[in-house]
Amino acid sequence: MASPHVSVLNLHGRQGRWRELAAHYRLLLLDGAFRPDTFVFPVLLRHCPDIYLGEAVHADAAKRGLAGGADPFVSAALVEMYCRCAGALSGAARQAFDEIPTPATVTWNAAISSFFRAGRCDCARSLFDRMPCRNGVTWSAVVAGYTQNGQGREALLVFKKMVEELGSARSSGPTPHSVAGVLSACVHLWDVSFAMQVHGYAAKVSRYVEDDDFVGSVLLDAYGKCGRVAMARQVFDSMSHKNVVAWSSLMASFVREDNPSEAMGLFREMIWAGAAPNEVTLTTALSACAHLPSMTAGKELHAYLFRRRGENPDIFVSSALIFMYGKCRALDCARSVFEKDRDLLCRSVTPLWNTMVSGYVANGRADDAWLMIRSMCRLSSGGAAPNSITLAIILPLCATSSLLPLGKETHCYAVRNGFDRELLVGNSLLDMYCKCGEISSARSQFELMPEKNRISWTTLIDGYGMHGGAAEAISLFQRMVAEQRVNPDPITFVALISACSHCGLVEEGLRFFKEMKESHGVLPTAQVCASMVDLLARAGRIEEAKEFMSTMPATPGASAWGALLGACRIHGEVADAESTLQHLLALEPEGTGFRTLLSNIYAERGMLDQVAKLRTAMAGEGVVKKRGYSWVETRNTSF
DNA sequence: TGCCGGACGC
């Protein structure tokens, strides 16, 4: 008669209330008729919060003759508990598994998943390889396990192995779980062609994509995240039942590809279709309003939220609301949402503070951002501890205003709290030191980083380029290629070619452009082409730059023409400057900087009539040049 | 009555 007790214990466990669970268990023990059995111990083990209590439960189970492999379910739960509570350091989990004389398939599966959750891919794999009889759950557990541990390539290999062993018979073929799992791996790897293969394979052997809304939503999410929104839309349209995840995911894809109005259109379509949006959908819709940006649509959503939830805010939704108001330059509205929801949310609300700070940063209100940071640190007055995201928001502020002392103070905070070892913070520190001109500090920060990605390398290459260190930039790039841990992307080449450009190393720049396509498989973007135009034109090879622009793979944009105009100024090429300006004005009619640049070219050549004509024309069109300003700091006050 | 999969913010 264990079932009613198990339900009560499970209820407490699912709500994370171990103390109540343990109290209920002790109460049950007082009843002489109660015998803890094979159903009770797994519940106790699954929910116990730490290794000490876990060992106590283990001892209790042993006393009642249920441990040591006597019961397969208890043994599986012991494996799970030791993995969860002792993590990667304990052999107890492995020992608990080895004690089971003949594990059932579910026991193998549970143990494999537990090892993956503890990050012990090696143990999970050795169990998988030793398993006498695998089922569909086994394969999907291994695919998901590798994906969750960041080993997407391994997940793909296991999926391929599964297809080979099971064939494509519907009865024994891929389960919906394994298809969904491998698609997550494709997203991690950004491997859209494998996702397409999985799609084709699933379509051949089943109707999962159309009939299983879970698989459909994972597939459309994979396409969306890999930048194939049109394909995501096709999958969405083919789904016979569109669940809330499918709607939200497609909306998010539109926002990601900078098409927020399409996302809002989809949101309205969803409401008309009678589907109910949840917190995630609303967060995504708010994000679309922020990207438009549309205060009207955002306010409508705010009103809808208020009617719907009353006074119960959700941290994601509140954060999105603050972000939306910040993007609409309505910082007072953002601040009032922040003040109210910060008090209503009883949990840690650091993300809310972060969003508010980033709103001030995005609107150029650096002083307000710093005031918030200071009050965050005063936890006694209702602040929240700054985390690594906070640091990534404020470090660029130290860089743009060249507030090096504040940057260093932030660096110290990061070191004291262990955030400096995180990639995001490490890259932000690197960028801050580069922009503040402390290139040697940037270098030591780079060398100290335990983990580096493409952004780390590119940031430092760009930093050397900005400070005339083309030789260091080139040797750093060569080291990046030699180490083969990360691949360069178009941005890396922009940094590298710009470094060559600033030092007049035209031939090297041309060589890197050639290598980019031929050796690294990186396709030139508009930005890369603009840096090539800059390279040639800045060195006075204006004709070659123009020739490059007429043959370059991307259509020349404002940055390419702007680079040409800048070079015309250096080399006093008035006629070229005039024709270049016409192209720029066609692309950006509102641009005032370019016209000012041309007027400076006239002025430097003594062509004062032309200067006057241009200035009059600008005034006639109502074009006003933004006033430039510089930033000075003395005794902690900025001017 | 236990094993595997999904969407959102800073």
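First the proteins, then the strands, lettered A, B, ... as listed; each starts at 1. All values below come from the heavy atoms of this structure, side chains included, with hydrogens, waters and symmetry mates left out.
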### Query
Checking only heavy atoms, does the side chain of A:Thr283 share a donor-acceptor pair with the base of B:dC8 at less than 3.5 Å?
yes
### Query
If you check every side-chain atom of A:Ser217, which of B:dG6, B:dC3, B:dG2 has the closest atom?
B:dG6
### Query
If you look at every strand shown and take non-hydrogen atoms under 4.0 Å, does A:Ile393 touch a base, only sugar-phosphate, or nothing?
sugar-phosphate
### Protein-nucleotide distance (A:Asn109, atom CG; B:dC3, atom C1'), rounded to Å
5 Å
### Task
Round to the nearest Å and state the distance from A:Ile394 atom CD1 to B:dC10 atom P.
17 Å
## Note on the structure
To the nearest angstrom, the CG-P distance between A:Leu352 and B:dC10 comes to 13 Å
#### Entry: Aromatic plane relationship, A:His291 with A:Phe323 - under 30° parallel, 30 to 60° tilted, over 60° perpendicular
tilted
### Heavy-atom check, side chain of A:Phe419 versus side chain of A:Tyr413, under 4.5 Å
yes
### Query
If you look at every strand shown and take non-hydrogen atoms under 4.0 Å, does A:Arg117 touch a base, only sugar-phosphate, or nothing?
sugar-phosphate
### Task
Check the distance between B:dC4's P and A:Glu80's CD and give it to me in whole angstrom.
9 Å
### Message
How many whole angstroms separate atom CG of A:Asn363 from atom P of B:dC10?
### Response
15 Å
### Query
Does the B:dC4 base have a donor-acceptor partner in the side chain of A:Ser140 within less than 3.5 Å?
yes
### Task
Using modelled atom types only, decide if a donor and an acceptor are shared between the side chain of A:Asn363 and the backbone of A:Gly359 within a distance under 3.5 Å.
yes
### Task
Looking at every strand, decide which applies to A:Val215 at a 4.0 Å heavy-atom threshold: base, sugar-phosphate, or nothing.
base
### Task
Give A:Thr138 one of three labels, base, sugar-phosphate or nothing, depending on what nucleic acid heavy atoms sit under 4.0 Å from its own.
nothing
### Task
Tell me whether the OP1 or OP2 atom of B:dG6 has a side-chain N or O from A:Lys225 closer than 4.0 Å.
no
### Message
What is the separation between atom CZ on A:Phe254 and atom P on B:dA7, rounded to the nearest whole Å?
### Response
18 Å
### Query
Which nucleotide sits closest to the side chain of A:Ala180: B:dA7, B:dG5, B:dG2?
B:dG5
### Task
Please indicate yes or no: is the ring centre of A:Trp247 less than 5.5 Å from the centre of the six-membered base ring of B:dA7, with the two planes inclined by under 30 degrees?
no
### Message
Using a 4.0 Å heavy-atom cut-off, does A:Ser287 contact any base of the nucleic acid, only the sugar-phosphate backbone, or nothing at all?
### Response
nothing
### Query
So does A:Gln148 get a side-chain nitrogen or oxygen closer than 4.0 Å to the phosphate oxygens (OP1/OP2) of B:dG5?
yes
### Query
When we call it a touch if two heavy atoms are under 4.0 Å apart, what does A:Asn278 touch: a base, just sugar-phosphate, or nothing?
base
### Query
If you look at every strand shown and take non-hydrogen atoms under 4.0 Å, does A:Val137 touch a base, only sugar-phosphate, or nothing?
base
### Query
Looking at the side chain of A:Phe39, which of B:dT1, B:dC4, B:dA7 is the nearest nucleotide?
B:dT1
### Summary
To the nearest angstrom, the CZ-P distance between A:Phe316 and B:dC8 comes to 9 Å
### Message
Categorize A:Ala144 for me: base, sugar-phosphate, or nothing, with a 4.0 angstrom heavy-atom threshold over every strand shown.
### Response
sugar-phosphate
### Query
Would you say the side-chain atoms of A:Ser140 and A:Ser178 include a donor-acceptor pair closer than 3.5 Å?
no
### Message
Of the listed nucleotides (B:dG2, B:dG5, B:dC10), which one gets closest to any side-chain atom of A:Pro42?
### Response
B:dG2
### Message
Considering every strand and a 4.0 Å limit on heavy-atom distances, what is the contact class for A:Phe323: base, sugar-phosphate, or nothing?
### Response
sugar-phosphate
### Donor + acceptor pair across side chains of A:Ser126, A:Asp129 (<3.5 Å)
no
### Summary
When rounded to whole Å, the NE2 to P distance for the pair A:His188 and B:dG5 reads 13 Å
### Task
Nearest 0.5 Å please: distance from the SG atom of A:Cys123 over to the CZ atom of A:Phe116.
10.5 Å
### Message
Looking at A:Asn243 and B:dG6, is any side-chain donor or acceptor paired with a base atom of the opposite kind under 3.5 Å?
### Response
yes
### Task
Would you please classify the geometry between the A:Tyr223 ring and the A:His199 ring as parallel, tilted or perpendicular, with 30° and 60° separating the classes?
tilted
